[in-house]
Amino acid sequence: MLSVITFLPLLVCALLLLLPRALSDRAYVQVWIATATVDLALVVALWTGFDPGEGMQYQQRVRWIPGAGVGYHVGVDGLSLPLVALTCLLFLAVAVYSLKERQRVRSYVCLFLFLQTVSLGLFVAQDLILFFVFFDLSIVGMFFVIAGWGHGERGRAAALKFFLYTFIGSLALLLGFIGLYLAAEPHTFDLVDLTRANPLAGRGAYAGLVLLAIGVGLAIKTPTVPFHTWLPPAHTDAPAAGSAILAGILLKMGAYGFVRIAMPLLPGSWRQYALVIVVVGAVSVVYGALVALAQTDFKRMIAYTSVNHMGYVVLAVGAAGTLAGTDAQARSLAVTGAVTQMVSHGLITGALFLLSGVLHDRGRTYAIDAYSGLAAHTPRFAGVTAVAAFASLGIPGFSGFIAEFQIFTGSLASRTVATAIALTGILLTAALFLRALRSMFLGVPRLPQSIPTGGISDLERTETVPTVTLLAVALVIGVVPRWLLDVIEPASRTVIELVAR
């Protein structure tokens, strides 16, 4: 089942490339929508049969490179299943949004189908080399999306910067994986076997170097301060669909790597350097919010809020490594909050980036000051954007509140000062979104000169359906979170037990 879900988009991609150009632009996107719908339906079936108390499920093992201890091993647990579901839902939303795409549509669709496979593959991978392969391929796919469909020469420059930064991170990650492999007896890259063996227990400086390599690789992808500088240009100059996938899915690869690889495989080093990780998380929260507050570009502002929101995840996983002054329940709550935040950020920020694309399609600029009184011209766009903004700042009733409440509750006991500092990020996020909403949607109507004299059009159906759907799921999680938390919590407790070894 997992292999079908993972490789179905790639199979469809191959068929579209092999078949002659017999389809219209809209038909190519419709094929993508159908593929994403089937994938999402299969994940729903997977979720229905999932037992949260049974650990890793739906596993498949195939010998791949046996001489090097590498195998094709896939499976899901409570940490990965929500991210698999998020991936399928967000790609479906982006596919519907892309019905209006008119530029090299076949290549565009095939790239996103390819990205869907590598994203799913990473979240189900239970072998370090398999994880690394999908991690690297995601960089390649997104490079071509930004370079090919971004904003001209700036897009190509942003794509190159994105590739170089994240590729360096992937090399550091590979070095860390090799360090784990060499420490294991017998040598293996299998995640389940490495977790059971705990090969770096008592290895001191060696384990610290392995954690440094893996941590840097994952921190660049997450991204955290000071490894975040590739993110704003990549987001600003990418197409809206590319930004939604980059923020909603690709950033989660780094954060997911912390809870899947770094914490359970390097428990001693994780505990030793937990304070450093907490500080990095708290700095990312405040710095990301402050810089976002200073932006005059709407899309760039959203990009910096990703640094802020992913900082909450790093804060939580760092606090979960602090054993003194707290109990296992609090640490487990922090990890649960981190995973919930990954899902929440993917839904809400994915919708915000799609809405930023609507803004640029109408006015050809992201400049906040170029617009005023938009609510009078585009009430649906103003309403949906306002809902997304309030959801992003963590207002009760949406998934962001559930995630952040768990993170702060789980982190406060062990890292009181850092958590209190990070709390200011909520105030700053509220300030930046309220400033943007006031400037763009209220006041005397004013539009950029690039908008035709006929006025600005409101949200179309292909823009309304995906954004409202993503926000509706965030609302469901915020009001009735139990169905999601019941899946995550047992896996979080397992991670905490491994960290405490």
Side-chain angles (χ1 to χ4, degrees), residues 9-10 13 17 28-29 32 87 90-91 93-95 97-98 100-119 122 134-171 217 220-223 227-254 292 295 297-307 310 345-346 349-361 364-366 466:
L10 187 62
C13 169
L17 290 175
Y28 280 116
V29 181
W32 178 16
T87 299
L90 190 54
F91 270 96
V94 167
Y97 180 87
S98 298
K100 60 183 182 179
E101 181 64 38
R102 294 293 179 268
Q103 184 182 4
R104 303 189 305 280
V105 176
R106 185 171 78 156
S107 300
Y108 176 91
V109 168
C110 287
L111 270 174
F112 277 97
L113 287 168
F114 170 80
L115 273 172
Q116 185 168 348
T117 284
V118 299
S119 300
L122 183 138
F134 288 125
F135 190 93
D136 248 16
L137 290 177
S138 70
I139 300 171
V140 175
M142 187 53 65
F143 167 80
F144 284 110
V145 168
I146 299 172
W149 288 265
H151 300 311
E153 190 60 38
R154 289 188 304 135
R156 288 186 283 275
L160 180 60
K161 186 174 184 179
F162 159 78
F163 184 88
L164 291 176
Y165 263 74
T166 50
F167 188 66
I168 290 171
S170 74
L171 293 178
I220 291 174
K221 192 82 164 186
T222 299
F227 305 111
H228 67 289
T229 55
W230 62 267
L231 182 70
H235 270 315
T236 306
D237 297 315
S243 293
I245 296 301
L246 177 59
I249 305 300
L250 268 62
L251 301 192
K252 308 305 173 293
M253 294 177 177
Q295 300 305 308
D297 182 294
F298 184 63
K299 199 178 185 189
R300 197 174 181 91
M301 182 193 78
I302 299 170
Y304 274 108
T305 64
S306 289
V307 178
M310 297 311 291
H345 179 264
T349 306
L352 279 168
F353 274 120
L354 294 181
L355 291 167
S356 74
V358 174
L359 186 72
H360 190 271
D361 287 345
R364 314 313 300 172
T365 179
Y366 298 116

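All figures in this text were calculated on a predicted structure; none of them were measured in a lab. Throughout, numbering of the chain's residues begins at 1 and tracks the sequence. Computed over heavy atoms, backbone and side chain alike; hydrogens, waters and symmetry mates excluded.
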Approximate separation, where rounding is to 0.5 Å, of [X] [atom1] and [Y] [atom2]:
X      : Y      : atom1 : atom2 : value
Thr166 : Phe135 : OG1   : CZ    : 7.5 Å
Leu251 : Thr222 : CG    : OG1   : 7.5 Å
Thr87  : Leu122 : OG1   : CG    : 9.0 Å
His360 : Phe298 : NE2   : CZ    : 13.5 Å

Taking side chain to side chain donor-acceptor pair (under 3.5 Å) as the test, write out the residues that go with [X], two or more places apart.
X      : value
Thr236 : none
Ser243 : Lys299
Tyr28  : none
Thr229 : Tyr165

Is there a side-chain contact (heavy atoms from CB on, under 4.5 Å) between Phe353 and Leu246? Walk through the geometry before answering. CA-CA 10 Å; Phe353 274 120; Leu246 177 59; over 6 Å; no
Between [X] and [Y], which heavy-atom pair has the shortest distance, and what is it?
X      : Y      : answer
Leu231 : Ala303 : CD2-O, 3.5 Å
Pro9   : Thr117 : CB-OG1, 3.5 Å
Ser138 : Leu115 : O-CD2, 3.7 Å
Leu354 : Ala241 : CD2-CA, 4.3 Å
Pro233 : Arg300 : N-NH1, 4.1 Å
His228 : Val307 : CB-CG2, 4.1 Å

Do Ile302 and Ser356 have side-chain heavy atoms sitting under 4.5 Å apart? yes
Taking C-beta and beyond as the side chain, do Phe112 and Ser98 meet within less than 4.5 Å on heavy atoms? no
Applying side-chain contact (heavy atoms from CB on, under 4.5 Å), can you list everything that pairs with [X], at least two apart in sequence or on another chain?
X      : value
Leu17  : Cys13, Cys110
Ala292 : Met301, Tyr304, Thr305, Leu432
Ala95  : Trp32, Ile33
Leu355 : Phe381, Val384, Thr385, Ala388, Leu459, Thr467

Could you go through the side-chain contact (heavy atoms from CB on, under 4.5 Å) check for Ile220 and Phe167 one step at a time? CA-CA 9 Å; Ile220 291 174; Phe167 188 66; over 6 Å; no
Would you confirm whether [X], through its side chain, and [Y], through its main-chain N or O, come within 3.5 Å as a donor-acceptor pair?
X      : Y      : value
Trp230 : Leu164 : no
Tyr108 : Glu101 : no
Lys221 : Lys252 : no

Tell me which donor-acceptor pairs under 3.5 Å the side chains of residues 140-154 have, and how far apart each pair is, sequence neighbours excluded?
from	atom 1	to	atom 2	distance (Å)
Trp149	NE1	Gln103	O	2.8
His151	NE2	Tyr366	OH	3.0
Glu153	OE1	Arg156	NE	3.4
Glu153	OE1	Arg156	NH2	3.1
Arg154	NH1	Asp237	OD1	2.8

What salt bridge (Lys or Arg N to Asp or Glu O under 4.0 Å) pairs are there with at least one residue in residues 140-150, not counting sequence neighbours?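 Listed by first then second residue: nothing to list.
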